[in-house]
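Reviewing the structure listed below.
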Amino acid sequence: MSNRKSVRMTYIKIDRRLDMKFLKFLLVLVLLTLLTLLGGVIFSNKIIYSMTRTKNSEFRNLKYSIIESEISFENFVVNGKSLGRGKAKLDFIREGFLGLSPKVKVASLKLDKVDFKALYSRPDEKIDSFMGKLDTPSDEEILKKTSEEFAGESSKSLEMLKENMDKFLNGDVKNQITAINKIKTDYGSLSDLTEKAQKVVELDKVVKPVIVLINSERENVDKAVSKIEIERSMMFSGISESLTKLEKQLSLNDVNNMNSYIFLDKGKEIAPVLAKSLKTVNIIREIKALPLGISEIDMNDGAVKFSGSSGEILIDESLRISVKENDGVYELDYKGSEIAVMTSYGEKINSVIEYIKGDILDGKKVKLVSEFVFDKGNFQEINKTALSEEEKVQLAERISNLRETRYKEIMTKYEEQTKNIEVLIADVEERKSKLDKIQKELLSLTSITVLDNVPEGTDTSTSPSQNNQDRESQEGESEVR
């Protein structure tokens, strides 16, 4: 009996020891769990940063909210491109043995301050190469006057010269000439040589400033007229450019070349829209390619939206590009009032552009269609415009009529512009000859200068016959003996 009792006591002691070890194990496990949770809270930002960082992206200066399961960050960087601050909703999934390996997925990404201007200007070899192949007009403005601008500016300049010369002759100079005439009249009426000498000295003092003013006015006129005469050669280059444009226009109206109108007329509208939308889609493509499972993207309060496999890009307040993704290829669709652009962007870029042009055939609009393909550095343009036989005949007739009528218009306009400038120059030269005559008369003791009484600011040009009549009527008063 005593042996049985001692064995039972031994078992009881063993059980108690096992219970104590198990309790200690549970206590250690609980403590470890608490420490892990506490450490997770304390070091959550670093842990989430490590879990969301990939080979090609990182959320910089992120802060994690356990309650919201959301991170806020100062900058999201993808392939070296800074996309600015924002927020992201996170989903946690468990992988590996018994689900002991946690993994994070980004359910939605909201970017608040994307600098699109910087993204558009950032080089992209494929997109930039594709855009460089398109025949878009240059943004550089050529600072060169057209013949119309030259004719208009020259006419305005000559009219101003005429007006200034009339004001000159009817201003202070007129009063000074009147005083000079009086001195000359007094000189002629004197017989005493000493008094005559004094009048000559007085005359010299009064005449000199007037001669200086007249010479200055003549120099201004000579410079202005000389400048216009030299620049008149510009009208020859204007004619040359007009004829060159006419030849190009005739060439464009040929069936094989007319698609060039697409970028000639609408290139400045199409090119920036196409370049901006491609570079924006490329950012979406790079974000979607990250191993973070980002399914929803919002940039700058809806300027760019993409959810699942579709979205839209807002280029400006009224221009939206719809975007769809299928097997890694992004389809962009833009429609304007006269143009439509359908572009696919993946390993290659394929863009179909339609342009409704209304001034090729009289009373009829023509749809011009071109397809542009850029694949592995190779560029191809395909003309897909289809004209009926009737439209081809009408186009040939238009080219013939355009050649005849437009050439006559160019030459007639040149002759009219040239004639107008020559008439104005003749008017100015007539006034200049009047200044020459006045100067000669002022330097003559025996001549009285007679000025036409011309109202200031009016046209003072008179015919040669009228001038002769005026001179004859004044002949008896012009000589002082």
Can you confirm whether [X] is buried at [atom1], in the sense that more than 12 heavy atoms of other residues, nucleotides or ligands lie under 6.0 Å from that atom?
X: K126; atom1: NZ; value: yes
X: R85; atom1: CZ; value: no
X: M411; atom1: CE; value: yes
X: K110; atom1: NZ; value: yes
X: K81; atom1: NZ; value: yes

Ion pair present between [X] and [Y], side-chain N to carboxylate O less than 4.0 angstrom?
X: E325; Y: K288; answer: no
X: K87; Y: D298; answer: no
X: D124; Y: R122; answer: no
X: K199; Y: E202; answer: yes
X: E415; Y: K419; answer: no

Problem - Heavy-atom check, side chain of N326 versus side chain of S309, under 4.5 Å - result: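 No; the side chains remain at least 4.5 Å from each other.
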
Exercise for the section: Using the test side chain to side chain donor-acceptor pair (under 3.5 Å), find all partners of S277 that sit at least two apart in sequence or belong to another chain. Expected result: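 Side chain to side chain donor-acceptor pair (under 3.5 Å) list for S277, sorted by chain: empty.
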
Quick one: does [X]'s side chain have a donor or acceptor within less than 3.5 Å of a partner on [Y]'s backbone?
X: S121; Y: K117; answer: yes
X: K367; Y: E354; answer: no
X: S322; Y: E312; answer: no
X: N300; Y: V114; answer: yes

Practice task
Output every pair passing salt bridge (charged side-chain N to carboxylate O under 4.0 Å, His left out) with a member in residues 209-220, not counting sequence neighbours, ordered by first then second residue.
Solution key: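 Listed once each, the pairs are R218-D436.
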
Practice task
Give me the ring orientation class for Y330 and F306: parallel if the planes are under 30° apart, tilted from 30 to 60°, perpendicular past 60°.
Solution key: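 Rings of Y330 and F306: tilted, as their planes differ by 30° to 60°.
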
Exercise for the section: Indicate the ring-plane relationship of F59 and F76, choosing parallel, tilted or perpendicular according to the 30° and 60° boundaries. Expected result: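 Ring orientation of F59 relative to F76: parallel.
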
Practice task
Begin with the C-alpha distance, continue with both residues' side-chain angles, and end with the deciding distance and a verdict on ring-ring contact (aromatic ring centres under 6.0 Å, His included) for Y345 and F130.
Solution key: CA-CA 11 Å; Y345 177 66; F130 171 70; 9.3 Å; no

